[in-house]
Amino acid sequence: MIFQRLWTRLRRAWLLIIIVLTVLGITLRLGGDRLRDLTAGTCDAAPTFGADVPRRLQAELNYLFDNKLLYCEEPQRAFLGLKGPIYWGSEGTTSILFFQAESLDGVGVTRYGFGSPGDLFQVTPMGGAPPAGYGELRAGAPVIRNQAEGDAPNYFVHRAGPPPEGDVMVSARVRGPSTPDTRVIGNRDVVSDVTRLWDRLRGRQQTDPTGGGSTVSEVFFAIWTGRWDIVIGRDVNPELDIGEEASHAAALRKANEDGVLDGPAWYQTVSGELASAVWAAGVLTETRPAMRLLDAEGSEVPPIGSGLFQSSVSGIPLAMFGYAPQPTGVPFEAELWLDERARADGAEPDLRFPVTFP
């Protein structure tokens with residue numbers, strides 16, 4: 001009987017949490033900017049950079065801050081040597097995770113994901129997020145490595161893609177050397193808590209509070225993806241942009257049902273301050289597609305990342321090819337191979353189409 005009552009209470013609590021989160025989500029969509037700033041607030045002050053942080057990275061983070069796209073949080077338990085908060089920001093094509101420390105020896109990011117509470121997933125490659133309803137198939141190595149310059153940097157930076165529309169949370173977990181723990185109670189060991197409290201009451205010197213080992217510093221950023229709608233450029237293929245839910249999985253599904261897509265096609269072109277991207281639809285999931293982007297002079301633009309996505313809703317696989325920021329309003333030409341091995345063998349591309357970044 002006791003377990004049955006506990007189970008009933010847990011179910012009620014869980015239902016209450018779901019209702020609160022649902023109401024909060026609806027309120028965020030209808031409550032306007034003031035409520036969003038309250039629940040998903042960005043940084044109040046610009047980052048202060050150490051001498052080894054490159055100017056390009058400083059400019060990127062300052063751009064995010066100036067456009068209210070940079071989030072920051074001090075972890076409840078900071079690892080030894082962490083300087084300032086942990087930062088995260090995105091402008092719709094790229095996201096940046098950044099923090100500084102006195103030393104990064106023994107420091108590493110062990111978890112990094114987007115999503116909603118209880119549903120975090122691996123970050124996507126640079127160049128924009130897939131439409132809502134798409135799951136990641138291939139995005140390269142899942143290792144969350146430090147992309148900082150130099151042999152012994154005192155800062156960590158990891159560039160990736162942005163969260164898809166509708167995601168409300170970013171999570172990062174950093175493990176580093178332990179910091180002194182001066183708490184009297186609240187430790188993992190109940191006996192240690194009692195001993196510390198008794199020593200404190202008797203005025204005795206506390207024992208070594210570090211305990212050795214490592215400290216896990218975890219941060220959660222409540223975000224709003226609509227913030228970058230005004231800074232990103234997006235041009236969607238009108239033949240695949242059908243219905244009120246344009247550029248979403250439902251629109252692609254309708255295009256597929258109407259027989260619009262009978263082979264590979266251009267889907268969308270995206271441009272932002274930190275990256276540009278070309279998307280293709282109707283690719284194959286059994287192979288890895290390849291793209292060559294040529295400028296007006298016929299020179300190839302090197303990619304900075306790619307990803308292959310598929311949705312169970314639309315049934316249309318999408319391929320994304322990210323590039324460094326490209327000039328807008330200038331003609332390019334894209335060549336697409338459904339199998340990168342065909343390009344390596346010198347075969348003709350499966351599709352050619354003009355590209356202009358908006």
Side-chain angles (χ1 to χ4, degrees), residues 33 36-114 123 126 129 144-163 167-177 179 215-232 272-275 304 324-325:
D33 294 339
R36 281 190 289 263
D37 289 341
L38 179 64
T39 56
T42 54
C43 296
D44 294 327
T48 301
F49 301 104
D52 63 336
V53 180
R55 290 188 177 181
R56 175 198 168 194
L57 178 56
Q58 293 186 32
E60 292 173 337
L61 291 168
N62 283 328
Y63 164 80
L64 294 173
F65 172 77
D66 292 339
N67 288 275
K68 298 186 182 302
L69 299 169
L70 186 65
Y71 300 80
C72 50
E73 183 179 340
E74 298 269 3
Q76 185 175 8
R77 294 193 64 187
F79 63 86
L80 184 64
L82 177 65
K83 298 173 64 176
I86 296 176
Y87 295 90
W88 181 90
S90 175
E91 43 63 271
T93 67
T94 304
S95 63
I96 298 179
L97 179 66
F98 172 80
F99 60 85
Q100 301 176 93
E102 295 178 3
S103 172
L104 289 183
D105 290 341
V107 177
V109 177
T110 59
R111 185 189 184 194
Y112 177 36
F114 307 149
V123 295
M126 287 184 287
I144 309 167
R145 64 181 182 86
N146 190 1
Q147 300 169 351
E149 300 177 5
D151 296 330
N154 291 331
Y155 70 95
F156 178 97
V157 61
H158 187 84
R159 294 180 178 88
D167 280 357
V168 297
M169 180 179 291
V170 175
S171 171
R173 181 181 296 165
V174 186
R175 183 180 294 273
T179 52
T215 293
V216 175
S217 300
E218 194 162 20
V219 289
F220 298 93
F221 303 99
I223 65 167
W224 178 49
T225 57
R227 279 199 171 103
W228 53 66
D229 288 343
I230 61 175
V231 298
I232 192 175
E273 185 71 17
L274 306 181
I304 58 175

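All values below were derived from every heavy atom in this structure, side-chain atoms included, with hydrogens, water molecules and symmetry-related copies excluded.
Residues satisfying the side chain to side chain contact (heavy atoms under 4.5 Å, CB included) test with Cys43, not counting sequence neighbours, are Phe65, Leu70, Cys72, Tyr87. Residues passing the side-chain hydrogen bond (donor to acceptor under 3.5 Å, both in side chains) test with Glu60, sequence neighbours excluded: Arg56, Arg159. With sequence neighbours excluded, no residue forms a side-chain hydrogen bond (donor to acceptor under 3.5 Å, both in side chains) with Ser217.
When atom types are taken as modelled, the side chain of Asp52 and the backbone of Asn154 share a donor-acceptor pair closer than 3.5 angstrom. In this structure, the side chain of Glu218 does not engage the main chain of Arg111 through any donor-acceptor pair within 3.5 Å. His158 contributes a side-chain N or O that, together with a main-chain N or O of Arg145, makes up a donor-acceptor pair within less than 3.5 Å. Here the side chain of Glu91 pairs a donor or acceptor atom with the backbone of Leu274 at under 3.5 angstrom. A donor-acceptor pair is defined here as one N or O able to donate and one able to accept, closer than 3.5 Å; no such pair exists between the side chain of Glu149 and the backbone of Pro54. Of the possible polar contacts, one joining the Ser95 side chain to the Gly161 backbone as a donor-acceptor pair under 3.5 Å is found.
From Phe156, atom CZ reaches atom CD of Gln100 across 13.0 Å, with rounding to the nearest 0.5 Å. If you take CG on Leu80 and CD on Glu102, they are separated by 7.0 Å, rounding to the nearest 0.5 Å. Distance check: Trp224 CH2 to Asp167 CG gives 15.0 Å after rounding to the nearest 0.5 Å. The distance from the OG1 atom of Thr110 to the CD1 atom of Ile144 is 7.0 Å, given to the nearest 0.5 Å. Atom CZ of Phe220 and atom CH2 of Trp88 lie 14.5 Å apart (nearest 0.5 Å). Atoms OG1 and CD1, on Thr225 and Ile232 in that order, are 10.5 Å from each other to the nearest 0.5 Å.
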task = Verify side-chain contact (heavy atoms from CB on, under 4.5 Å) between Val174 and Val107, making sure each step is shown before the conclusion.
result = CA-CA 7 Å; Val174 186; Val107 177; 3.7 Å; yes
task = For the pair Arg173 and Val216, evaluate side-chain contact (heavy atoms from CB on, under 4.5 Å) and give the outcome as yes or no after the intermediate values.
result = CA-CA 7 Å; Arg173 181 181 296 165; Val216 175; 3.3 Å; yes
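Closest approach of Pro47 and Asn62 over heavy atoms only: CD-OD1, 4.2 Å. Shown here for Glu273 and Pro325, the closest heavy-atom pair between the two residues is O-CG, 3.4 Å.
Ring geometry for Tyr155 versus Phe98: interplanar angle of 30 to 60°, hence tilted. Ring planes of Phe79 and Phe99: perpendicular class, angle over 60° (limits at 30 and 60°).
Heavy-atom contacts from other residues, nucleotides or ligands closer than 6.0 Å to CG of Asp229 number more than 12. Counting heavy atoms of neighbouring residues, nucleotides and ligands inside a 6.0 Å radius, atom CD of Gln58 exceeds 12 of them.
Leu82 is listed as a side-chain neighbour of Pro75, based on a closest heavy-atom distance under 4.5 Å. The shortest distance between side-chain heavy atoms of Pro85 and Glu74 falls below 4.5 Å. Between Leu61 and Phe49, the closest side-chain pair of non-hydrogen atoms falls below 4.5 Å. By the 4.5 Å heavy-atom criterion applied to side chains, Val157 and Asn146 are counted as neighbours. With contacts defined as side-chain heavy-atom distances shorter than 4.5 Å, the pair Pro153/Val53 does not qualify. Here the side chains of Leu97 and Ile86 are in contact, with some heavy-atom distance below 4.5 Å. Side-chain contact between Pro162 and Thr93 is absent, with no heavy atoms from C-beta onward closer than 4.5 Å.
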